[in-house]
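Contents: one structure, followed by commentary.
Proteins get letters first, then strands, A, B, ... in listed order; numbering begins at 1 in each.
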Amino acid sequence: MQTVKMVITGPFSSGKTEFIRTVSEIDVVATERKISSEVEKIKESTTVAMDFGRITVDDDLVLFLFGTPGQKRFDFMWEILSEGMLGFIVMVDSTRPETFREARTILETFKAYAPTPYIVAANKQDSPDAWEVEDVKHALRLDPEVKIMPCVARNKESVKTVLLELLYGILAEMEKN
Amino acid sequence: MALKGNLRDFTITQLLNLVNLARKTGSLIIEGPTDVAQVTFRDGKLAFARLGQTDSSLATILHLNQKITAGQYRVIKERAGKMTDKELGLLLINAGYLSQEDILGSVQQYFIAIIRQLYTWVDGFFRFQPDLMPPEDKITVRLDLENLIIEGSRQMKEQEQLQEEIPSLDMALKFSERPGTNLRNVSLSVEEWRVVSYINPKNTIRQIAKANKMNDLAIRRVVFSLLQAGLVQLARPEGMPVAPVTSSSSSRPGAAPLPVTNKEEQKSLVNRLISRIRSL
Ligand SMILES: Nc1nc2c(ncn2[C@@H]2O[C@H](COP(=O)(O)OP(=O)(O)OP(=O)(O)O)[C@@H](O)[C@H]2O)c(=O)[nH]1
Ligand SMILES: [Mg+2]
């Protein structure tokens with residue numbers, strides 16, 4: 001059995017668990033915890049170690065999707081999770097610009113772990129408060145060649161599109177070398 | 001209670017805050033990366049500060065503060081070399097050259113400058129010695145710590161932000177490929193130019209800092225302003241080991257990016273992933 005892995009990262013509450021849950025064939029093995037601290041109480045639970053989703057490709061190939069914990073105090077997990085990833089996706093909550101700075105930090109950190117392809121997903125595009133993808137791109141100060149995609153993590157087609165875009169990027173990278 | 005530790009865990013600002021609140025008397029000895037500093041307090045107020053072996057004689061301090069000219073400085077050093085600071089101070093006041101405020105103000109500025117320098121130390125052992133006071137002949141001040149503490153916390157905030165923006169100094173810098181940025185059209189400070197001149201995928205930010213004798217905070221400030229201006233990008237340094245591709249024997253699922261090493265097999269594998277996801 002062969003396995004490959006992709007990492008879904010991003011700030012607290014950006015929609016990583018939702019993203020994995022939408023496409024994973026098994027119930028996501030999420031290590032969620034009820035949130036106690038007042039500051040972070042914008043939702044009920046948060047991922048504390050990692051999310052873990054799975055897509056069986058065929059008889060001898062499985063794709064694992066790993067979601068990182070969003071809260072800063074768990075960032076010691078990041079490096080471990082990033083080991084051997086095929087690529088990564090940085091989820092950004094397009095409705096909360098106050099998290100953009102952190103998204104950038106996370107992106108830079110993961111980039112430093114491994115030079116694998118990655119894309120940015122501007123999530124929650126279904127919300128009326130969502131920033132335009134182009135605006136998110138500028139706010140994150142992404143380089144022009146960095147791919148950023150609109151995303152609605154609750155929507156399967158949208159999640160598929162993001163995953164495919166990353167895979168095309170990986171393929172293109174292989175053609176180059 | 002032994003008041004000692006490392007600046008990594010307890011910052012200078014936090015120490016000043018503690019001294020202020022507890023109205024402490026005694027000296028903080030801080031062993032920084034390159035120097036040892038002594039900062040002395042009396043009843044929770046700053047009394048004295050000294051950094052390493054730097055010449056902290058009154059004549060030098062007054063010269064630094066431009067209270068005396070280079071000529072006067074030389075004369076004092078020649079003729080009054082044996083005088084203590086207190087004696088020299090009295091002499092200058094009595095001779096009508098300077099006022100007491102001039103002298104105390106200069107000394108105070110000098111101490112404050114040392115504390116400001118200490119703010120940039122992020123690593124170093126400190127200990128508090130209640131019994132250690134400055135030498136008898138040194139001029140001391142009585143300065144409230146509040147303003148210094150406020151200034152320190154502002155700096156700390158800046159430092160934290162910079163830390164977030166530039167998480168690692170082991171990254172290299174490269175010129176931005178963004179169209180329309182032309183180095184010739186921007187005005188850079190001398191410090192920025194110095195950094196720019198070392199930009200090369202082979203040099204990490206840390207190496208650039210070392211070559212320019214800049215501390216962490218200073219190099220982060222410069223790199224941040226260059227990033228903000230869109231002139232440079234962070235890059236993986238050349239020669240840095242790439243992805244930790246562990247052997248397939250690793251127990252973690254998918255520890256190596258791809259279980260196959262042959263290029264064509266890799267592509268076919270990614271293509272299999274693509275068709276599977278399309279079919280979801
Ligand atoms: N409107 C909208 N809400 C979303 C979307 N994706 C996620 N959410 C909501 O955003 C909140 C956070 O989603 P999670 O999936 O828990 O986010 P996370 O990134 O896993 O969060 P942590 O694990 O705590 O870092 C939840 O209330 C989701 O229902 C989306 O595409 N649109
Ligand atoms: Mg989660």
Side-chain angles (χ1 to χ4, degrees), chain A residues 1-7 22-25 52 54-58 60-64 66 72 75 79-87 101-102 104-106 108-109 111-116 141 143-145 156-157 159-164 166-175 177, chain B residues 160-172 174 176-180 204 227-230 232-238 240-248 250-260 262-280:
Chain A
M1 172 69 75
Q2 298 177 326
T3 60
V4 288
K5 131 178 168 190
M6 281 188 199
V7 170
T22 300
V23 282
S24 177
E25 62 201 26
F52 182 54
R54 171 191 168 121
I55 297 170
T56 306
V57 177
D58 50 37
D60 60 4
L61 181 60
V62 172
L63 168 65
F64 286 110
F66 285 80
K72 250 211 149 70
D75 61 7
E79 188 158 12
I80 305 172
L81 286 174
S82 68
E83 193 187 310
M85 62 191 171
L86 187 60
R101 172 200 287 275
E102 202 197 334
R104 224 182 80 86
T105 307
I106 295 175
E108 290 296 344
T109 310
K111 243 168 72 176
Y113 290 148
T116 52
R141 283 186 276 126
D143 290 315
E145 72 273 11
K156 193 162 176 179
E157 285 311 310
V159 171
K160 276 167 64 178
T161 311
V162 172
L163 281 173
L164 284 171
L166 176 58
L167 284 166
Y168 297 147
I170 291 167
L171 205 55
E173 198 63 32
M174 286 176 172
E175 305 282 357
N177 298 326
Chain B
E160 276 169 19
Q161 282 182 358
L162 288 172
Q163 179 82 35
E164 267 191 28
E165 293 282 349
I166 307 157
S168 162
L169 294 183
D170 295 316
M171 296 292 284
K174 62 171 185 180
S176 168
E177 285 138 25
R178 209 169 299 189
T204 64
L227 283 170
Q228 285 283 26
V232 302
Q233 295 169 229
L234 295 176
R236 156 173 293 267
E238 244 171 47
M240 188 197 232
V242 244
V245 180
T246 37
S247 71
S248 52
S250 166
S251 56
R252 231 170 291 145
L258 286 168
V260 288
N262 173 295
K263 182 86 160 280
E264 287 314 308
E265 279 185 73
Q266 288 186 341
K267 277 196 227 160
S268 116
L269 190 144
V270 174
N271 276 316
R272 273 152 76 199
L273 289 170
I274 288 174
S275 31
R276 175 70 182 109
I277 287 178
R278 279 203 190 120
S279 73
L280 280 178

Counting heavy-atom pairs under 4.5 Å to chain A, which of B:Gln266, B:Gln161, B:Glu165 comes out on top?
B:Glu165

Heavy-atom cut-off 4.5 Å, strictly under: side chain, backbone, both or neither for A:Ile55 against chain B?
side chain

Does the A:Glu108 side chain pair with the main chain of B:Pro167, one donor and one acceptor, at a distance under 3.5 Å?
no

Ionic contact status for A:Asp58 with B:Arg276, cut-off 4.0 Å:
no

Interface check, chain B: of A:Leu167, A:Val159, A:Ile170, A:Thr109, most non-hydrogen pairs under 4.5 Å belong to A:Leu167

From A:Leu171 atom CG to A:Leu166 atom CG, the distance as rounded to the nearest 0.5 Å:
11.0 Å

Spacing of CG belonging to A:Asp143 relative to CD belonging to B:Gln233, to within rounding of 0.5 Å
3.5 Å

